Amino acid sequence: MPVLLKKHGFHTADSAKEGARSGSKHAMRVLFVTSEIATLYKRGGLADVSYALPVALSQLGVNISVAMPYYESVTTKGVTCVGQLALDYDRRRELVFVFRALLPHSHVRAYLFRHPLLNNYDDLHIADRFAFFSKAVAQLSLYSEEMLGGPYDIIHCNDWHTALIPLLIGEQSKVGYRERPRPLSAAPKALAGGETIQSKRVKTILTVHNLLYQGETGSSITLKLGFPKPLFHPFMTPLGRAVRLLTEGFEYADKVTTVSPTYAKEIAAGKHGKRVVEVFSRRKDRMIGILNGLDSKLWDPRNDPSLPVHYDASTVVSAKRVIKAQLRKALRLPESEAPLFGFVGRLESRQKGLDLIARVIKKLAGEAYQLVLLGTGQKKLVALFERLAAEHKNVVFVHTFDERLARRIYAGSDVMLVPSKFEPCGLTQLIAMRYGTLPLVRKTGGLADTVHDGKTGFVFTPYTSTALADKMKEAIALYHEKPARFEAMTAHVMGLDFSWQHQVKEYLALYQSLLKSS
Ligand code: ADP
């Protein structure tokens with residue numbers, strides 16, 4: 001039986017203050033749970049979204065907080081411990097400390113969960129460790145009155161890491177954890193006669209940012225969590241019975257969304273596996289695709305501190321010249337009249353089209369272009385691109401995660417390559433456009449929704465190195481032969497609005513429809 005042990009520094013006025021700030025008397029309360037948040041800890045696009053979407057929602061008046069593990073590498077100011085949770089995991093009682101901070105440059109509260117199992121992202125048994133985190137979040141939601149300033153209406157989960165929460169929450173409310181000792185001061189006064197926080201069940205949303213990663217683990221996780229086995233949907237693997245945390249989320253979440261309309265359609269058509277289609281054929285609803293946006297303050301070439309000069313659409317041409325020259329110098333690329341192509345992303349052979357890039361480097365040897373690749377990931381790809389960079393003096397590969405360099409590449413390149421095999425949404429093409437750099441993408445998922453061939457970038461369709469090479473040649477030709485057209489496209493894409501301003505309203509409408517259906 002879990003118990004609330006203690007609470008520290010809890011300000012009951014939090015929610016009231018937040019409501020007042022937003023100007024709404026009864027702002028809906030949402031807890032957004034994720035494995036990464038830009039400004040605290042970032043591995044990829046999920047972190048960008050997990051920062052920008054809650055901030056945009058809070059600006060619309062939603063009383064939203066975010067929850068994430070308190071990794072050792074997270075350094076943030078003004079952190080307060082709000083309490084401790086005791087929970088049973090793997091037949092032991094574990095203590096999780098919950099801290100609160102504000103997300104930088106925002107009014108959004110972040111709850112950070114500290115426990116040795118959550119110290120690092122990269123480690124063994126990662127699925128089990130996120131199942132543990134999910135249990136802690138589910139349990140915290142029981143104590144929302146005491147530790148979070150009031151009960152939550154919605155828990156918004158993201159990707160496999162937190163996809164178990166809908167199951168855990170539903171089950172906890174059923175098995176009546178309310179017999180736990182509760183401090184008198186924390187009695188649920190606000191709720192009507194006999195009703196408890198738990199019986200007023202919180203609604204859950206699961207957003208899938210990438211179906212490739214499903215959090216597969218042995219079915220012993222059910223024992224470790226102490227939840228009845230029949231609740232899960234195990235399947236056989238050569239190593240024994242296993243469960244996938246993501247698909248458990250599909251089974252139990254009240255709503256499932258993904259990050260672009262085209263990716264949602266592809267999923268429904270079975271292009272990303274039959275299992276999801278199967279689950280949705282049993283559910284009465286469908287997966288909704290809401291396009292990701294970009295935080296226009298965090299990504300702004302007019303004041304990006306990583307850039308040597310700042311610019312807007314009217315000054316992009318001259319600014320880019322300066323930034324490109326500095327970038328070439330830093331990367332030891334020779335000064336050149338040739339266009340500079342960039343790639344920033346995870347080295348993931350199943351998704352990011354890196355096999356195409358590798359073949360194209362050989363195919364386009366002798367062509368007048370330069371290429372800089374920044375990325376971390378699979379070892380075989382690191383070795384491949386190190387070799388290719390050593391063999392081709394127009395190619396540089398930087399194997400690190402470096403936000404500052406990434407921003408200089410977005411600003412200093414002429415074209416950003418995003419030749420993904422599939423791409424749920426993709427942010428690199430959006431960032432490129434914001435920084436006045438034309439994206440060259442494959443027509444899939446969110447790339448298909450956001451880039452238009454010949455207007456806002458370059459788009460190819462067949463997943464072949466020939467198709468990629470042909471598009472790159474087209475971009476190189478345009479750059480040399482029609483510089484005025486190239487520059488006009490550059491200025492045009494800078495004027496496009498990919499901020500969250502529009503899509504955030506779709507999330508708000510979704511939240512409202514969920515609450516109405518209570
Ligand atoms: P994904 O989420 O599949 O990794 P996205 O295009 O949605 O891809 O988002 C990737 C985000 O991660 C972008 O903000 C990109 O700039 C950033 N990023 C990826 N790799 C690196 C790296 N090596 N250094 C700095 N930023 C990176």
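Bear in mind the structure is a predicted one, so any value in this text is a computation, not a measurement. Heavy atoms only: backbone and side chains are in, while hydrogens, waters and symmetry mates are out. When a ligand or atom number is given, it counts from 1 through the structure's own listing order.
At least one heavy atom of Ile431 sits less than 4.0 Å from an atom of ligand 1. Distances shorter than 4.0 angstrom occur between a heavy atom of Lys42 and an atom of ligand 1. Heavy-atom distances between Thr400 and ligand 1 reach below 4.0 Å in at least one pair. Remark: distances from the non-hydrogen atoms of Glu348 to ligand 1 are all 4.0 Å or more.
Of the polar atoms of Val344, none of the N or O atoms is found under 3.5 Å from an N or O of ligand 1, judged by distance alone. Where the criterion is an N or O separation shorter than 3.5 Å, residue side chain and backbone included, Asp402 meets it with respect to ligand 1. Checking only distances, Leu427 does come within under 3.5 Å of ligand 1, N or O to N or O. Among the atoms of Trp299, none of the N or O lies under 3.5 angstrom from an N or O of ligand 1.
Residues Val382 and Leu347 share a closest heavy-atom pair of CG2-CD1, 3.8 Å. Between Pro301 and Met494, the shortest heavy-atom contact is CG-CE, 3.8 Å. The minimum heavy-atom distance between Glu348 and Leu381, with the atom names listed, is N-CD1, 3.9 Å.
Atoms of ligand 1 found under 4.0 Å from any heavy atom of Ala406, numbered from 1 in the order shown, are 25 (C), 26 (N). Residue Tyr410 has at least one heavy-atom neighbour below 4.0 Å for each of these atoms of ligand 1: 13 (C), 15 (C), 16 (O). The atoms of ligand 1 that sit less than 4.0 Å from any heavy atom of Gly345 are 19 (C), 20 (N). Counting the atoms of ligand 1 from 1 in the order shown, those under 4.0 Å from a heavy atom of Thr428 are 6 (O). Listed by number with element, the atoms of ligand 1 under 4.0 Å from a non-hydrogen atom of Arg346 are 1 (P), 3 (O), 4 (O).
Between Phe130 and Tyr121, the ring center distance clears the sub-6.0 Å criterion.
For the atom pair CE (Met28) and OH (Tyr511), the distance works out to 8.5 Å, reported to the nearest 0.5 Å.
In this structure, Arg442 forms no cation-pi arrangement with Tyr463, as its terminal cationic atom is not both closer than 6.0 Å to the ring centre and no more than 45° off the ring axis.
Contact annotation: for Asp48 versus ligand 1, heavy atoms closer than 4.0 Å belong to the side chain alone.
Which of Lys352, Gln351, Arg407, His209 comes nearest to atom 1 (P) of ligand 1 through a heavy atom is settled by distance: it is Lys352.
Using bins of under 30°, 30° to 60° and over 60° for the plane-to-plane angle, the ring pair His115/Phe132 lands in the tilted bin.
Under the 4.0 Å criterion applied to side-chain N and carboxylate O atoms, Lys42 and Glu36 are not assigned as salt-bridge partners.
Checked by atom type, the side-chain pair Lys320/Thr437 shows a donor-acceptor distance below 3.5 Å.
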